[in-house]
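When a ligand or atom number is given, it counts from 1 through the structure's own listing order.
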Amino acid sequence: MVAQLLGLAFLFLPTNLVTFTTYGMSVYPLPPPAVQIDNNKGEVVYQDTSVYGVVGKAVILECGTTLPDMYIWSFTKPGTEAIKAVVYDLGYGPKLQKLAETLGQLTVISNSAAVSIEKLPLAAHGLFTCQAFYDIEVEPKVYYYYVHLTVRVPVSKPYLLISDASPVEGSTMWMRCNLDNGTGPIQYVWQHETRSGNISTFAQGNTSVVNITDINRDHTGWYRCVASNAVNSETSNRLWLDIIFGPDIPQIDVTPYSLTERGYSALERETVSLMCQAQSNPVSQYVWFYNNSQVFTGPQFTIIKILRMHTGDYTCLAQNTYLNTRSKKTISLTVYYPPDGSPSCSVEPALNYTSLRLLCSWSGGFPSPSLKWTGDLKGVGQDEAGAGQQTNPLTNTAIVLPSEDVTINNSLFTCTGSHVALKQSTECSTRTYIPLAEPVCFAYVTNNNQYLMLSCSWDGGAPKALVWWEGPGGQGKGGEENSNILIIRSGTAPSGKPYTCYAKHPLLGQTKTCRLTLEAPVLLTQRRVVSVYEGSDVQLTCNLRTNYLPVSEISWFNNRGVDVQGTSKYTLLRTSAWANLTVRDTRETQDSGEYRCSTSNAVGGTEINVTLVVKRYPMPPNTTLVKTKYNSRQRNEVDLEWQVQNETDGGWTGFILEHIWVSERPGRRGSSNDSKVTISPPVWYSNIIEDPDIRSHTVGSLIPTATYRFRITPVNHRTIGHPSAAKTPAEPRYNLYPAVIGAVIGGMLFAAILTALLFVFIIRNRNNNPRLHDMLFGLQHSQSRENINIPEDEVVGGSEGGVEEIGGLSSPGPTMAIPRASSPLTTSPGSAIPTTSQAPPPGDDNEPVSVTITVNVTDP
Ligand SMILES: *[C@@H]1O[C@H](CO)[C@@H](O)[C@H](O)[C@H]1NC(C)=O
Ligand SMILES: *[C@@H]1O[C@H](CO)[C@@H](O)[C@H](O)[C@H]1NC(C)=O
Ligand SMILES: *[C@@H]1O[C@H](CO)[C@@H](O)[C@H](O)[C@H]1NC(C)=O
Ligand SMILES: *[C@@H]1O[C@H](CO)[C@@H](O)[C@H](O)[C@H]1NC(C)=O
Ligand SMILES: *[C@@H]1O[C@H](CO)[C@@H](O)[C@H](O)[C@H]1NC(C)=O
Ligand SMILES: *[C@@H]1O[C@H](CO)[C@@H](O)[C@H](O)[C@H]1NC(C)=O
Ligand SMILES: *[C@@H]1O[C@H](CO)[C@@H](O)[C@H](O)[C@H]1NC(C)=O
């Protein structure tokens, strides 16, 4: 019955099945449209469902909601048309077919037509059909339940494949996510985990391969892929991707850090560290170069106590030894060092000596120090003052003060210098001074009188004053500092025109001047003609009219044209203003004449003549002896008296009373001739009478046995008058001659000794008794005295006929000279005096004599 039923079923099924299969084939795996059996018409009802199972897992396939009276489960393998029974129940319990064993552990769930498959195999994939029959006995209904079972496989754990685990930056690579099992469609998710642990999804899709173009270092990290399907999701193990790159351009860090527009800078003696870093994989190797020569290997190059010579270019070279690539960077490092010492300050004139320029310089350092002026700037802003005036801002600073501020004497200005390499600033300062007093002008001449030098100086200023000359006719000299000398050739300077020296100093508004006027000298004298009496000293004067510039020396030329120097004859007293010539002991013939005083300077010369007239005194009046007589029988003294003609006229100053030994008295010659005969020729012995009023005199110390003659000569100063007629003294009236002869001789000797003693006394006491001395020897200068021969030593013969010229000029030799008198003119002339001689016997005047002791004072 069941078989029939099944057969029936099979019988009427084919057409349906054909339809179904053709339909199903065309649409499979889509479920065929369910066929509803119209109860009324007995039609089969078709229902379609899809069931998804996972291999190895359990699945339940439903067949209606209620238990049918009969059912048949069949299976159609995909790709085939055959429908094969799996289990059926025709009211007698389910009957499993053999086919069911290939479809897993298939059981029918009790009290239903649903089947359960444990451990679903892949083979169970296909179309299950449940043909269910209801109400068979009343009104049978047939249902066809199509159950489309899809058996899915879960994805297995994927594994990652990378074309290159160490790709180079910039290259291209791929990654594959490999899977053994897994039902599609499979979705792939690609994950990247950075070194730090951040995980991100960078790609997803349905392909198992991703290409990465233009790889960069950011791609370094862990990679994994996640494969997913409808069943599950699996993640691969992670793989490390190491990107090879670099080195990049290095970065250099300089410690201590000091960056200027010219590069890095460091202070001398600092420790400087250069650190080089260049990104690279594998890490870089570093090499350092200084000015292109290798100095160090390693990333950090340290220079301990850097010096100025270490200035230069430092290059870091980074190398990637794996790629054999390199990169480098160069920095410039400048070592700063301070200038030596301290700044130097000075002040100089500016703007044509109307203003000041302050100079401050401090060179040697690098970079240049900064210099700043402070002090009595009176609000002059440094910047304002310096603008456009700074000569070299690197090592110098100069500021010019406005003129109106430049009036302060003794101002202090300070320049402060600071340098980046010095902890402390240093400074210098300068002061300004107005020159002392006023400019000083003077003139002088060169030794040979060739040039005239005009000097002008104004010292003591700071800065120095400007001094310049302006002279007549454009003569002049440009400015010089402090002093200025204008040189003029002698004779080219015009007389009387001023030369002006101008002096200018920045601290004084006005220009100072001093002036020199050059003039040819003019000489003056008190008297153009000077007349004196013979024997006196006379002074000729000569003086400059004013003090001249240039100075000139005055010279005197005597009457013979000889340039006078100081001698015993001439005394020259000279100052710059005058020269006085004293002619000593004037003589008429020798000293009269034209004297010339002369001077000249670089401008001109002049001279002046002075006439000296030396006059003799007039002749004294004639004088006659009126009495000549022994006053005793001893015959050793003679009384004399005389008279002057024309006494009332005057004109004489004294007398010379002379006597001469004439002869031995007769009768005495025989007894004394042995020792007394012919020693020298006879000589006049003089007694000088200075008093013009005296008219009588007694001559003593005569030799009684001798004969003498006497005469008198009047004297007017140096002018000697005519001698009177010589006379022999008259005998005394009584004659005691024989009785006294012996005593006479004795007295004679005594007198001689006395006379000699008198002489010695006079000479020795000439200071105490000058008049007497002068009378005998004349006034002498001390030098002249040394030339005085001691009278006692000289024995000179006198000339016949007595003294011819007293103070004679031409015959100074053996002539008995009368010592000259010195001024004043009124002084009486002196005269030599005779000393003792033997008493002459009365007799002839001019007979030869036997013994003479005489004094001769020579004129030096
Ligand atoms: C893949 O499937 C085959 C057969 O179904 C099985 O033998 C194998 O073990 C599976 N592999 C994995 C990784 O599941
Ligand atoms: C990946 O690159 C390969 C060649 O390297 C190429 O054949 C492939 O089509 C690329 N795939 C994608 C998804 O770009
Ligand atoms: C290095 O180079 C710098 C700049 O070119 C130069 O000033 C310096 O003198 C050089 N140093 C040496 C030691 O050559
Ligand atoms: C400088 O000053 C002097 C007078 O003080 C004047 O003669 C001269 O011409 C001036 N020079 C200039 C260049 O101004
Ligand atoms: C300038 O100052 C100095 C020092 O104080 C002083 O000796 C001098 O006399 C002053 N000169 C003038 C012109 O004031
Ligand atoms: C020289 O003469 C001058 C007059 O020319 C006079 O002033 C001066 O005092 C004299 N000097 C002597 C030393 O006599
Ligand atoms: C003075 O004496 C001289 C000679 O003895 C004589 O020539 C002269 O005339 C006399 N003079 C007078 C004024 O008598």
### Task
Say whether T541 and N580, considering side chains only, have a donor N or O and an acceptor N or O under 3.5 Å apart.
no

### Query
Side-chain donor-acceptor pair under 3.5 Å between E534 and T586, yes or no?
no

### Message
Has W469 got a side-chain atom pairing as donor or acceptor with N484's backbone, closer than 3.5 angstrom?
### Response
yes

### Query
Okay, side chain of T653, backbone of V715: is any donor-acceptor separation there less than 3.5 Å?
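Checked: pair present.
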
### Query
Counting both backbone and side chain atoms, is some N or O of N622 under 3.5 Å from an N or O of ligand 7?
yes

By number and element, which atoms of ligand 6 are closer than 4.0 Å to a non-hydrogen atom of [X]?
X    : value
Q539 : 14 (O)
L573 : 13 (C)
N580 : 1 (C), 2 (O), 3 (C), 8 (C), 10 (C), 11 (N), 12 (C), 14 (O)
Q526 : 4 (C)
T541 : 2 (O), 5 (O)

Look up [atom] and tell me if a protein heavy atom lies less than 4.0 Å from it?
atom                    : result
atom 7 (O) of ligand 6  : no
atom 11 (N) of ligand 7 : yes
atom 14 (O) of ligand 6 : yes

### Message
When you compare the side chain of P463 with that of H505, does any pair of heavy atoms fall below 4.5 Å?
### Response
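Side chain of H505 against side chain of P463, heavy atoms only: contact under 4.5 Å found.
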
### Task
Evaluate the ring planes of Y570 and Y595, with Trp represented by its six-membered ring, and classify them as parallel (under 30°), tilted (30 to 60°) or perpendicular (over 60°).
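Perpendicular: the ring planes of Y570 and Y595 meet at over 60°.
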
### Query
Between C501 and C514, is the SG-SG gap under 2.5 Å?
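Cystine link not detected, SG atoms outside the 2.5 Å cut.
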
### Query
So which of N409, I434, N410 gets nearest to atom 2 (O) of ligand 5, if we judge by its closest heavy atom?
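Shortest heavy-atom distance from atom 2 (O) of ligand 5: N409.
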
### Query
Quick check: are there more than 12 heavy atoms from other residues, nucleotides or ligands sitting under 6.0 Å from NZ of K477?
yes

#### Entry: Sub-4.0 Å atoms of ligand 7 with respect to non-hydrogen atoms of Q645
12 (C), 13 (C), 14 (O)

